[in-house]
Structures are given as structure tokens and as C-alpha cells.
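Read the numbers this way: they start at 1 and go in the same order the structure lists the ligands and their atoms.
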Amino acid sequence: MIFNIAVLPGDGIGPEVIEQSVRVCDAVAKIFNHKINWNYGLVGASAIEKKGDPYPKETHRICEDSDAILFGAIGDPKFDNDPSLKIRPEQGLLEMRKKLGLYANVRPTFTFPSLINKSPLKKEIIKGTDLIFLRELTGGIYFGKRGRLDNGNTAYDTCIYSREEIVRLVKMGFELAEKRSKKLCCVDKANVLESSRLWRETVQSMEKDYPKVLVSYEFVDAVAMRLIQWPKNYDVLVTENLFGDILTDEASVITGSMGLMPSASIGNKNSLYEPIHGSFPQAAKKNIANPLATILSAAMMFEMSFGLKNESEIIKITVDKSLKNEIVTEDLSGEKGRKFSTSEVGDFLVKEILSSKI
Ligand code: IPM
Ligand code: MN
């Protein structure tokens, strides 16, 4: 098959981790006889510098014309501490999500047996965790009306959801739960927020269509606590934009390394794949960043956008091998272990994939 993939390396460590992910995808394409055309686009701080726009039109066109999008990271400390700035890298990300209609952010949380000791949480609590967050990504307080009143001394942000927006995300949650452990948790704050009451009401009205799925309704504050106390009790969790943002960062602690967690943002037409870690500017251009989350995001791309399970599987198996053999970057190598560079980890994976028998 031939694929057109948009690549948006972005800022900070984005370009370095993306480079290794592209190499890994090319290796997979080679052994399975696919051809990938990579189309590069600017996004984030680097796009502001070159085009004065964090999500230029040209980048949007490249994304729209692609079969899938591979994304690095955005954000630059230059833009962080000046509240008066009108253009920020993060706006590019939000605009891209909205314009491409990437309404469902899929964030899996699972543990790697060889990394179980990296998590600050107790082994017995986290071992065997396998849950998926479905975070609504194009609505809620991120996109509601906001502004200032009272000469700038009062500020407001609005959380707004339509039933339709909730249904399309939750439907995906039910379908996923049916294929997994058949448990769905609706995370909300229905004891306080009207928008949460609509979420809960909507999920309740959909229950009858999925009789095999057991649904629980939990408040977001309680989930924040239970998630790290009993992560194994959860299977699929559906939630609105901001709650999902916060809880998925929390969930990454379970895995022991943010450097490993991939994600997918599903849209009607195209979908985007990105690591959940940020641009980590302190590590940029040093060839030390962990490329595995971006590489595992590419594995999600093969499976979710192209329906290619074997291609996805070979990436996951090879990443597992690199962890077991401790061919890892310094965030995972520990005191005594050898610190491999970003590109050396890529070298190992590419070599393993090219020499594997399929
Ligand atoms: C994420 C990030 C973004 C978000 C920021 C960079 C706007 O934290 O993808 O989780 O809040 O959605
Ligand atoms: Mn976040």
C-alpha cells in the first residue's frame, strides 16, 4: 500500500523523536512492502518564527491531504511567561485540533514489566494496569467563550457541550469497551456542573444499546484519587476536555515514564498521532530524548488509521526488546546502565525490524 503521512515535528525535542519514528516506519514499510510519502509541515513556535502563525495554512493543507498525521511536540519557554503575548505555540495545537475535527483523544495507560520499578507507585498497585482514556478534544472549556470584564480585573472561561459532541465520543468509548474488559467509566462533576449533568444523562441514555458493558459514573475528584490507588479497576474512561487533560498526566505516573506514552487524536477524516510528553526544551538538540512514545504513536497509527495490526505489533514487540535489553535513553537507564542516545535507540529498532522474519 502507499500512504501519505503528514509529519509535524514541532518544537524542542519534537524533531529528534520524530526523526527516529520516521526511520522506524520506513523500516516497517520496507519489510511489509509499503511505500510512505512523508510531507513535512511547520507547527508551534518554529512556525511562529518562520511564518508568524503557529498553524500556517500550508500545514493545514498538508494535514488535510494526508492519510494520517505524525506529530512531535510544541511549546517554547520563550512564550511561556508573558501573558500579554497574542500569539502562542499552543494556539496552533488547539486550532489544528478544531480545524481537523480531532474530537477524540485516545490515551492508553499500561505498564511495561521491565519498567515496573520506575514508577513512584507501589509495584503491586500498578502491575497489570491496562486502561484507556477517551478525552473529548474539540469542545468544553478549551473552546468556550472566554474574556475579561471590569477593566480586565475579572476573567471568565465557559465550559459548553452539545449532546451531539458527547454522543460521538461516548459511542467510541462503548465500542472500545465492548472489545476489551467491558467496563466504561463516565468521569464528570455532575454534582456541581450542568455540562457534566448533560454528559451523565447522555451516557445513561446510551447504556441500553450496549447491554454487555458495565457502566460506572464517578466524580472527577474521586477518580483522581482512585486512579492511582486502584488503577486496575478501570478499563475505558470517557471524559470532557479539561478533566481528561489533567487525569491523563496523572495516569502517566502509573507507567513509570512519560517518555513511553503514545496517543491518538481521532477525527472524522484524518487522525493524528503524538507522544503525550511535551517539547522538553532543556533536552532539545542534545540527542538524549526518549523517542519511544513517538515510535509507539506510530504503532497506533498503523493499527488505527490503516488497520495494519502486524505492522503495529512488530513496532511494539521491538520496543519491548529495546526495554528488555536496556537499549534506552538516560531517563530510563538508571545510575548504572549505559545511556543510549536518541538516534542509537532508533538504530537498534531499525536494525531489529529489518532483520525480523515476517
Ligand atoms: C495536551 C497538552 C495541551 C492541552 C496543551 C499544550 C494546550 O497539555 O495535549 O495534553 O492542554 O491539551
Ligand atoms: Mn496535557
Can you label the angle between the [X] ring and the [Y] ring as parallel, tilted or perpendicular, going by 30° and 60°?
| X | Y | result |
| --- | --- | --- |
| His34 | Phe32 | parallel |
| Phe174 | Tyr210 | parallel |
| Tyr55 | His60 | perpendicular |

Using the ring of Phe143 (Phe, Tyr or Trp, six-membered ring only), decide whether Lys98 places NZ or CZ under 6.0 Å from its centre and within 45 degrees of its axis. yes

Tell me, please, whether Tyr142 has Arg135 positioned over its six-membered ring: NZ or CZ under 6.0 Å from the ring centre and within 45 degrees of its axis?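 Checked: cation-pi criterion met.
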
At under 4.0 Å between heavy atoms, which part of [X] makes contact with ligand 1: side chain, backbone, both or neither?
| X | result |
| --- | --- |
| Glu274 | neither |
| Arg135 | side chain |
| Arg97 | side chain |

Taking only heavy atoms of Asp245 into account, list the atoms of ligand 1 that are under 4.0 Å away from them. 1 (C), 4 (C), 8 (O), 10 (O), 11 (O)

Do any of the N, O or S atoms of Asp249 sit under 2.8 Å from the Mn ion (ligand 2)?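 Not a single backbone or side-chain N, O or S atom of Asp249 is under 2.8 Å from the Mn ion (ligand 2).
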
Side-chain donor/acceptor of Asn290 to backbone N/O of Leu292, under 3.5 Å: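 The answer is yes, because a donor-acceptor pair under 3.5 Å joins these two groups.
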
Looking at every non-hydrogen atom in both residues, tell me the closest pair between Ile69 and Ser66 and how far apart they are. CG1-OG, 3.6 Å

Nearest protein heavy atom with distance in Å, relative to atom 11 (O) of ligand 1: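 Sorting protein heavy atoms by distance from atom 11 (O) of ligand 1 puts Tyr142 OH, 2.5 Å first.
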
Please confirm whether Glu90 comes within less than 3.5 Å of ligand 1 when only nitrogen or oxygen atoms on both sides are compared. no

If I consider every N, O or S atom in Asp245, which one ends up closest to the Mn ion (ligand 2)? I only need its name.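 Of the nitrogen, oxygen and sulfur atoms in Asp245, the Mn ion (ligand 2) lies nearest to OD1.
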
Any atom of ligand 1 sitting under 4.0 Å from a heavy atom of Arg107?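 Under 4.0 Å: yes for Arg107.
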
